[in-house]
Amino acid sequence: MAKYQPKLDLTDWKRTSAQEVDKIMAIVAPELHSFIEEHASLSRLMDRVREGYDSEIYREALNQIGHELEHHFLFEEKYILSRLENHIPETEVGPIAKLKSEHDVIRKHHREALAMFEGHDPENPSQELIQKMGLLAYLLKKHIEKEDHYLFPLFSVILTEDEKAAIARDVNRPV
């Protein structure tokens with residue numbers, strides 16, 4: 001029996017543009033701008049991953065995603081979502097639960113893609129690796145869009161000025 005190979009429908013993929021990032025920055029609290037800047041950089045890299053197999057781009061993407069998982073995701077969870085709990089105490093459903101769940105899914109797919117990449121033949125990459133990288137890029141891109149277009153603008157309105165100032169202080173601390 002042939003192995004199932006899912007096809008991703010990426011027709012809703014939109015390349016990252018500087019104009020879009022500028023517009024997002026205009027509606028998001030300045031204290032959250034560092035998150036938007038990191039998103040833009042990672043999103044542009046995911047655009048490059050989507051262009052097709054390139055061992056060096058895959059390596060760069062996996063390294064950058066790993067860094068984001070260790071820092072950016074943890075900062076969001078520790079400094080933003082924890083403060084959002086003051087306004088939305090429900091953590092089993094809603095935006096807090098959804099974001100943490102998406103972070104976990106992306107972490108899982110990153111681990112799997114990294115394992116595939118580490119053992120791959122650069123001259124003859126497997127379809128599984130290419131599909132996994134495409135899926136990982138898609139998941140990250142959609143997650144970033146959700147945060148940038150919906151959640152961070154709402155967080156900018158919901159969080160108090162003191163909470164936003166505390167986030168800015170917290171994310172500037174060395175880890």
Side-chain angles (χ1 to χ4, degrees), residues 13-50 57-115 117 133 135-175:
W13 189 282
K14 190 173 108 184
R15 292 187 68 83
T16 305
S17 75
Q19 295 85 358
E20 180 180 352
V21 173
D22 289 345
K23 287 179 181 180
I24 292 167
M25 296 285 252
I27 63 171
V28 170
E31 296 86 355
L32 302 175
H33 282 188
S34 65
F35 291 94
I36 304 300
E37 290 166 354
E38 289 174 6
H39 283 170
S41 175
L42 188 59
S43 189
R44 281 188 213 91
L45 184 54
M46 294 307 99
D47 290 340
R48 293 175 62 203
V49 166
R50 182 168 182 262
I57 290 174
Y58 278 21
R59 180 182 321 283
E60 180 184 351
L62 289 167
N63 287 338
Q64 187 61 38
I65 294 166
H67 177 78
E68 293 298 310
L69 296 176
E70 292 175 10
H71 299 282
H72 183 97
F73 277 21
L74 292 179
F75 283 0
E76 284 180 358
E77 292 167 0
K78 184 174 181 180
Y79 301 126
I80 297 176
L81 297 182
S82 65
R83 288 184 173 90
L84 192 58
E85 288 178 13
N86 296 331
H87 306 277
I88 303 173
E90 178 57 60
T91 59
E92 291 182 30
V93 298
I96 297 168
K98 185 64 177 166
L99 288 177
K100 286 183 177 179
S101 172
E102 286 185 10
H103 285 179
D104 290 342
V105 167
I106 292 167
R107 285 180 177 109
K108 173 188 169 284
H109 284 284
H110 175 260
R111 279 191 308 272
E112 292 171 355
L114 189 58
F117 183 79
M133 289 300 294
L135 175 60
L136 184 57
Y138 182 81
L139 292 171
L140 270 166
K141 186 86 164 185
K142 291 298 150 189
H143 179 75
I144 287 168
E145 287 175 2
K146 186 180 299 170
E147 287 185 350
D148 288 357
H149 290 272
Y150 301 104
L151 298 169
F152 284 157
L154 290 174
F155 295 170
S156 297
V157 174
I158 292 170
L159 297 174
T160 66
E161 294 305 314
D162 287 343
E163 288 169 323
K164 289 183 271 192
I167 289 168
R169 280 191 310 274
D170 289 340
V171 297
N172 286 322
R173 289 185 187 160
V175 178

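The basis for the numbers below is simple: all heavy atoms, side chains too, and nothing from hydrogens, waters or symmetry mates. Along the sequence shown, the residues carry numbers beginning at 1.
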From [atom1] ([X]) to [atom2] ([Y]), nearest 0.5 Å:
{"X": "Thr16", "Y": "Leu45", "atom1": "OG1", "atom2": "CG", "answer": "10.0 Å"}
{"X": "Leu154", "Y": "His149", "atom1": "CG", "atom2": "NE2", "answer": "13.0 Å"}
{"X": "Ser34", "Y": "His39", "atom1": "OG", "atom2": "NE2", "answer": "9.5 Å"}
{"X": "Leu42", "Y": "Asp47", "atom1": "CG", "atom2": "CG", "answer": "10.0 Å"}
{"X": "Ile167", "Y": "Ser82", "atom1": "CD1", "atom2": "OG", "answer": "7.5 Å"}

*Return yes if a side-chain donor-acceptor contact under 3.5 Å exists between Glu38 and His71, otherwise no.*
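No - no donor-acceptor pair under 3.5 Å links their side chains.
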*Side-chain donor-acceptor pair under 3.5 Å between Ser156 and Lys164, yes or no?*
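The answer is no; no qualifying pair exists.
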Below 4.5 Å, heavy atoms only, C-beta onward: do [X] and [Y] meet side chain to side chain?
{"X": "Ile65", "Y": "Met46", "answer": "yes"}
{"X": "Arg50", "Y": "Arg15", "answer": "no"}
{"X": "Phe155", "Y": "Leu81", "answer": "yes"}
{"X": "Phe35", "Y": "Val28", "answer": "no"}
{"X": "Ile144", "Y": "Lys141", "answer": "no"}
{"X": "Ile80", "Y": "Phe75", "answer": "no"}
{"X": "His87", "Y": "Thr160", "answer": "yes"}
{"X": "Met133", "Y": "Leu62", "answer": "yes"}

Nearest heavy-atom pair of [X] and [Y]: which atoms, and what distance?
{"X": "Gly66", "Y": "His110", "answer": "N-NE2, 3.5 Å"}
{"X": "Leu136", "Y": "Ile106", "answer": "CD1-O, 3.9 Å"}
{"X": "Ile96", "Y": "Ile88", "answer": "CD1-O, 3.4 Å"}
{"X": "Phe73", "Y": "Leu140", "answer": "CZ-CD2, 4.3 Å"}

Is [X] salt-bridged to [Y], going by a charged N under 4.0 Å from an acidic O?
{"X": "Asp104", "Y": "Arg107", "value": "yes"}
{"X": "Glu31", "Y": "Arg83", "value": "no"}
{"X": "Lys142", "Y": "Glu145", "value": "yes"}

*For the residue pair His103 and His143, is the inter-centroid distance of their aromatic rings smaller than 6.0 Å?*
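For His103 and His143, the ring centres are under 6.0 Å apart.
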_Test of understanding: with side chain to side chain contact (heavy atoms under 4.5 Å, CB included), list the residues that count as partners of Arg59, not counting sequence neighbours._
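Here the qualifying residues are Ser55, Glu56, Asn63, Phe117.
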*Residues two or more places apart in sequence or in another chain: which of them pass ring pair (Phe, Tyr, Trp, His ring centres under 6.0 Å) with His109?*
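So His109 forms no ring pair (Phe, Tyr, Trp, His ring centres under 6.0 Å) with any residue.
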*Using the test salt bridge (Lys or Arg N to Asp or Glu O under 4.0 Å), find all partners of Lys146 that sit at least two apart in sequence or belong to another chain.*
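Checked Lys146 against salt bridge (Lys or Arg N to Asp or Glu O under 4.0 Å); matches are Glu102.
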*State which residue, out of Asp148, Leu32, Ile36, fulfils the side-chain contact (heavy atoms from CB on, under 4.5 Å) condition with Met25.*
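The option that passes is Ile36.
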